[in-house]
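Residue numbers begin at 1 in each chain, while the letters A, B, ... track the order of the sequences.
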2 protein chains.
Amino acid sequence: MLAAERREHLLDLLAREGKIVAKDVAAELGISEDSVRRDLRDLASEGLCQRVYGGALPVSPAVANYRARQSVAPDGKRKVAAVAAGLVRPGGALILDGGTTALAVVHALPRDLPCTVITHSPTIAAALIDHASAEIYLLGGRIFKHSAVACGAAAVEAAQNVSADLCFLGVTGVHPDAGLTTGDAEEAAMKRALAARAADTYVLASSEKIGTASRFRVLPWEEISGLITDADPHDPVIEELAGRGVEVLRAR
Amino acid sequence: MLAAERREHLLDLLAREGKIVAKDVAAELGISEDSVRRDLRDLASEGLCQRVYGGALPVSPAVANYRARQSVAPDGKRKVAAVAAGLVRPGGALILDGGTTALAVVHALPRDLPCTVITHSPTIAAALIDHASAEIYLLGGRIFKHSAVACGAAAVEAAQNVSADLCFLGVTGVHPDAGLTTGDAEEAAMKRALAARAADTYVLASSEKIGTASRFRVLPWEEISGLITDADPHDPVIEELAGRGVEVLRAR
DNA sequence: ACGATACATGCAGAAACGTGCAAGAACAGG
DNA sequence: CCTGTTCTTGCACGTTTCTGCATGTATCGT
């Protein structure tokens, strides 16, 4: 069994059973407890699990997904969100993806801006309740825990019934060759469905996403109107994208 | 059972039931009371619970941190929610209305209960993200700011595609003659649509709702399976309801 | 005031842990 | 193909942590 394979197994186990007992796993896989402990130590140092006496527990979703992800680059996300919010015209309709960057866009929107926001994220919808003059339209469906948004057939179908001027998409990878990518196939399909319903689609990508790629392609470059990022315009990846005709809006 | 897991369990128990009896927990988990006491002592030293003779109580709301804040729902609502949560069977499907009482039900649900929750409230959906083994299905539509839930034609239509074992409805008025009432016509229609999709519908009404009526009728008494309330069973309104054949589940 | 119960403390055995070390596998360079 | 290096893995050893029990004390209800 490969080491990487073993780590996958541990994470899978953690997700399915909610805990890992080092002793049990060692017996199950026929390896020493020392190796399991080493793996768990590594995973914990990457913030992928919480090490406890006897094994490991998942990082608490509330704290990990929200706090940790938010502290990755709060400043970058805020800047990107501010530029995005500036593109929204009074009375316009906006499709908003899920994720912390999209949440930052909500916070960046003027509280009294009259507009329609369409989203498949309950978190985004809940955050918008405070915006008195924003009309909110929620796309329903099965909620994918990983990113806390509605995905799947029902959600895609619901998206077919709406149209908007703008769509803001978050992605996990922005790469010249791989294009826009994300870590889940269902999510990728949902993002495509959303983008297809808006006249203009902008991708929100704070600098740490630039130059990276995830497993599933969301869209090719031709299908988006622009990229909003706080990355240095002289970054080689950004320059290559600009060379390919992608409009880059710089957040600063 | 991992030591850290045990601590999680204690905090969960504290949030759900509002108290911990060391002896009971020791018996339930099959460990010595000494260990439970040690855990409670540690939790208390971190400000996560308040140690009392015989067990522990949640920290007072004023100094409650994130975790304990989940238990600050008014006492009546928490009691009602606890009874409601007890009706949910593992593997069952539940339709959950919006509102603070429904939110209390989410907090009262064991974190590891496998079940399907269908809701039209983005707030409820967001709160359920932490429940690892709960499948969440979100009903989309236009969000009504007043109560922060999806209502209207699209939401009602989305509701037609689901079925569940149970439905928990919140209302603003419970009156022997007026029946179950709420303040908005669209909301009332939505609640009817939800109730129609479940085998059993229970109404959640903390005591301050008893005997009051709002403008719009939700359902007549005949169409609900029961009423869950913390009101005194000798309350004349409750007695009259019982006389009319309404099953009253008392929360205490 | 008194018995019952809960508690803190100390202790001992067991389990888990970290570290250093050596054997073996994987790999790069010659 | 050989060799040196690096990485992984399991084992041994000393240390830390956990847990239940025993003991004496504090607290509660009657």
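Closest to the side chain of B/Arg37, from the set C/dA8, D/dG10, C/dT5, is C/dA8. You'll find that the side chain of B/Asp34 is closest to C/dT9, out of C/dT9, D/dA26, C/dG20. In this structure, the nucleotide among C/dA16, D/dG20, C/dA6 sitting nearest to the side chain of B/Arg38 is D/dG20. Considering only side-chain atoms of A/Arg41, the nucleotide from C/dG18, D/dT27, D/dT9 that sits closest is C/dG18. Considering only side-chain atoms of B/Lys23, the nucleotide from D/dT16, C/dA6, D/dG20 that sits closest is C/dA6.
Look at B/Glu8 and A/Lys19 and you find no salt bridge, because none of the NZ, NE, NH1 or NH2 atoms lies under 4.0 Å from a carboxylate O. Ionic pairing of B/Arg6 and B/Asp39 is present here: one or more N-O contacts between side-chain nitrogen and carboxylate oxygen are shorter than 4.0 angstrom.
Side chain to side chain, A/Thr100 and A/Lys77 meet the donor-acceptor criterion of an N or O pair below 3.5 Å. Checked by atom type, the side-chain pair B/Asp112/B/His131 shows no donor-acceptor distance below 3.5 Å.
For A/Arg244, the CZ atom is densely surrounded, since the number of other residues' heavy atoms within 6.0 Å is greater than 12.
Between D/dC11 and A/Ser32, no contact under 4.0 Å exists linking OP1 or OP2 to a side-chain N or O.
The distance between atom CZ of A/Arg6 and atom C1' of D/dC7, rounded to the nearest whole Å, is 12 Å. Nucleotide D/dC28 holds its P atom 12 Å from the CZ atom of B/Arg51, rounded to whole Å. The distance from atom CZ of A/Arg7 to atom P of D/dC7 is 16 Å, rounded to the nearest whole Å. Note: CG (A/Asp24) to P (C/dA15) measures 13 Å, nearest angstrom. When the C1' atom of C/dA6 is taken as reference, atom CD of B/Glu33 falls 8 Å away, rounded to whole Å. Whole-Å rounding puts the B/Leu40 CG to D/dT19 P distance at 13 Å. One can place CD1 of B/Ile31 at 12 Å from C1' of D/dC18, the figure rounded to the nearest angstrom. As a whole-Å value, the separation of A/Tyr53 OH from D/dC18 C1' is 6 Å.
Comparing A/Gly54 and B/Ala22 by the nucleotide of DNA chain C that holds the closest heavy atom to each, the one mapping nearer the 5' end is B/Ala22.
The residue A/Val52 sits close only to the backbone: its heavy atoms come under 4.0 Å of sugar-phosphate atoms, none of a base.
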